[in-house]
Amino acid sequence: MRLHCDVEVVSRHLPALGMRNRGKGVRALVSLCQQAPRSAPRPACLLVATLKDKRGTRYEQLKGNIEQFFTKFVDEGKATVRLKEPAVDICLSKANSSSLKSFLSAVRLAHRGCDVETPFSPLTPVKTSEFEKFKTKMVITSKKHYPLSKNFPYYLEHLQTSYCGLVRVDMRMLCLKNLKKLDLSHNHIKKLPATVGDLIHLQELNLNDNHLESFSVALCQSTLQKSLRSLDLSKNKIKALPVQFCQLRELTDLKLDDNELIRFPMKIGQLTNLRFLSAARNKLPFLPSEFKNLSLEYLDLFGNTFEQPKVLPVIMLQTPLTLLESSARTILHNRIPYGPHIIPSHLCQDLDTAKTCVCGRFCLNSFIQGTTAMNLHSVAHTVVLVDNMGGTEAPIISYFCSLSCYANSCEMLK
C-alpha cells in the first residue's frame with residue numbers, strides 16, 4: 001500500500017542538540033511493506049521514497065514500535081506517526097484525506113501485529129513514473145505537448161494549458177478535484193461549461209485572451225462562491241456580467257481589461273474582499289452607485305468611454321406606487337427570502353436587479369436617477385489615470401427612491 005504526500009522526518013533528538021528541523025516536507029511515496037511473502041510472515045515496515053532517493057529510507061519493525069498517532073487534522077490531509085526507535089516523527093501532509101485514513105488504518109493494524117488486508121508494497125526502488133502519477137503541477141504551453149491519448153495526473157493542483165488552440169474546456173480537466181489553479185489563457189474558448197463550478201478547491205482561474213462572450217449565472221451560483229479568489233477575464237468579448245456575479249464574494253483580484261463591457265454589475269459593492277480591480281479599455285459610460293462601497297488597493301479604468309455627468313436628473317417616480325413596486329421594496333427591505341421555487345423567475349430577476357437608493361432602501365421601477373463625478377481615490381489607494389489628461393474622476397449613477405431622498409442629497413449632485 002502506498003500513500004503519496006509531503007513528508008518530513010523530524011528527529012526528536014534535534015532540540016537537545018540545539019538544532020531545528022526545516023519545517024518543510026518533500027513530495028514522497030510512503031509505502032507499507034513486508035520483507036518476505038505472506039507464506040513466511042515478517043514484520044511490516046515503512047519505506048519513504050522521494051524523487052531524489054528512489055530506493056528510499058526504511059523504518060523497520062512497526063509492530064509495537066509506534067509511540068503515538070497524531071490525527072487531529074487528518075481531514076485536511078495531515079497526520080504524524082511517532083516511532084519509538086528510531087526516535088523520529090514522520091510528518092505527513094498534502095495527502096488525499098480518504099487515502100490517508102486508509103493508510104493509517106493499515107499502519108495501526110501492523111503496529112498491533114494484526115493481519116493487514118491491504119496488499120503490502122514491494123521493497124523495490126520506486127519508479128519515476130510512479131511520481132508522475134502524483135504530479136501536482138503541469139504547465140503546457142504548446143499544442144504539440146498537449147496530452148491527447150492519456151489523462152491528466154489526478155493529483156494536479158495547478159494546471160496551465162496556454163497557446164494550445166483549445167476551442168472548449170477539456171472535460172478531463174473537470175475531473176481534477178484537487179485543482180486550485182487553472183490557467184486556460186491564450187486559447188480560443190467561447191463558452192465555459194457549468195461543471196467548472198464543481199472544482200470545489202479552485203482559487204485561481206485565468207481565462208485571459210480567449211473568445212468568451214459571457215460568464216454564466218450557473219458559475220456565479222456554484223461552489224466558486226466559497227473558493228474563487230482570483231479571476232482573469234481580460235482580452236475576451238464580454239459585454240456585461242450578470243448581477244449574480246457579485247455572489248463571488250471571496251474574490252480579491254479581478255481583471256476585465258480589453259473586453260466590451262458596457263456596464264459593471266449593479267451590486268458590485270457586495271464584493272467586499274475585492275482589492276485589485278482592472279477594467280481598462282472597455283466601453284463603460286458610467287459606474288453603478290454601489291461602486292462607492294468598494295475598498296480597493298489598486299484600480300485601473302483607463303481608456304473607457306466615460307460620459308460627462310448629466311445636469312438634469314432622470315425622473316421615473318410613480319405615484320402612487322404600483323403593487324409590484326411596493327411588494328418588491330417590502331421584500332428587499334425586510335430581507336424576505338425568495339427564489340424561483342417560491343415566486344416566478346421573472347420576478348426573481350426584477351428583485352435581483354433592484355436599485356439601491358442613497359438612503360439604503362431599494363427601488364424597482366420608481367426612482368430618480370442622477371449622475372455625479374466621483375474621485376476614484378475615495379475607493380482605491382492606487383488609481384491608474386482614467387484618461388491622458390491626468391484625471392482620476394469617473395461618472396457614477398445614484399438612485400433615489402423618493403423626491404425627499406433626492407432633495408436631501410441635492411448637495412451631493414451639485
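Hydrogens, waters and symmetry mates are skipped; everything else that's a heavy atom, side chains included, is used.
Looking at heavy atoms from C-beta onward, Cys220 lies in side-chain contact with Pro242 at the 4.5 angstrom threshold.
Side-chain contact, Glu290 with Thr356: a donor N or O sits under 3.5 Å from an acceptor N or O. Arg168 and His188 share no side-chain donor-acceptor pair at under 3.5 Å. Ser31 and Arg2 share a side-chain donor-acceptor pair at under 3.5 Å. Side-chain atoms of Tyr338 and Asp352 include a donor-acceptor pair closer than 3.5 Å. Between the side chains of Asn65 and Tyr59, no donor N or O sits under 3.5 Å from an acceptor N or O. Side-chain N/O atoms of His145 and Ser142 include a donor and acceptor closer than 3.5 Å. Inspection of the Arg249 and Gln225 side chains reveals no N or O donor paired with an N or O acceptor under 3.5 Å. Side-chain contact, Ser289 with Ser398: no donor N or O sits under 3.5 Å from an acceptor N or O.
Geometric assessment of Arg108 against the ring of Phe69 yields a positive cation-pi assignment under the 6.0 Å and 45° thresholds. Annotation: cation-pi geometry satisfied between Lys255 and Phe276 (NZ/CZ under 6.0 angstrom from ring centroid, within 45° of ring axis).
Distance alone, capped at 3.5 Å, places no donor-acceptor pair between the Asn210 side chain and the Leu212 backbone. Between the side chain of Lys292 and the backbone N or O of Leu376, no donor-acceptor pair lies under 3.5 Å. No donor-acceptor distance shorter than 3.5 angstrom exists from the side chain of Lys226 to the backbone of Thr223, with no hydrogens or angles considered.
When the shell of 6.0 Å around NZ of Lys54 is examined, it contains more than 12 heavy atoms from other residues, nucleotides or ligands. Heavy-atom contacts from other residues, nucleotides or ligands closer than 6.0 Å to NZ of Lys177 number more than 12. In Arg361, the CZ atom is not crowded: 12 or fewer heavy atoms of neighbouring residues, nucleotides or ligands sit closer than 6.0 Å. In Arg172, the CZ atom is crowded: over 12 heavy atoms of neighbouring residues, nucleotides or ligands sit closer than 6.0 Å.
Aromatic pair Phe245/Phe215: centroids less than 6.0 angstrom apart.
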Please lay out, stage by stage, how Asn96 and Tyr155 fare under the test side chain to side chain donor-acceptor pair (under 3.5 Å). CA-CA 9 Å; Asn96 178 279; Tyr155 282 84; 5.0 Å; no
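Using a cutoff of 4.0 Å between basic side-chain nitrogens and carboxylate oxygens, Lys101 and Asp75 are scored as salt-bridged. Salt bridge annotation for Asp209-Lys235: absent, with no cationic side-chain nitrogen under 4.0 angstrom from a carboxylate oxygen. A salt bridge links Asp89 with Arg82; the closest basic N to acidic carboxylate O contact falls under 4.0 Å.
Of all non-hydrogen atoms in Leu32 and Phe103, the two that sit nearest each other are N-CE1, 4.0 Å.
The aromatic rings of Phe291 and Phe264 sit parallel, their planes meeting at an angle under 30°, below the 60° perpendicular limit.
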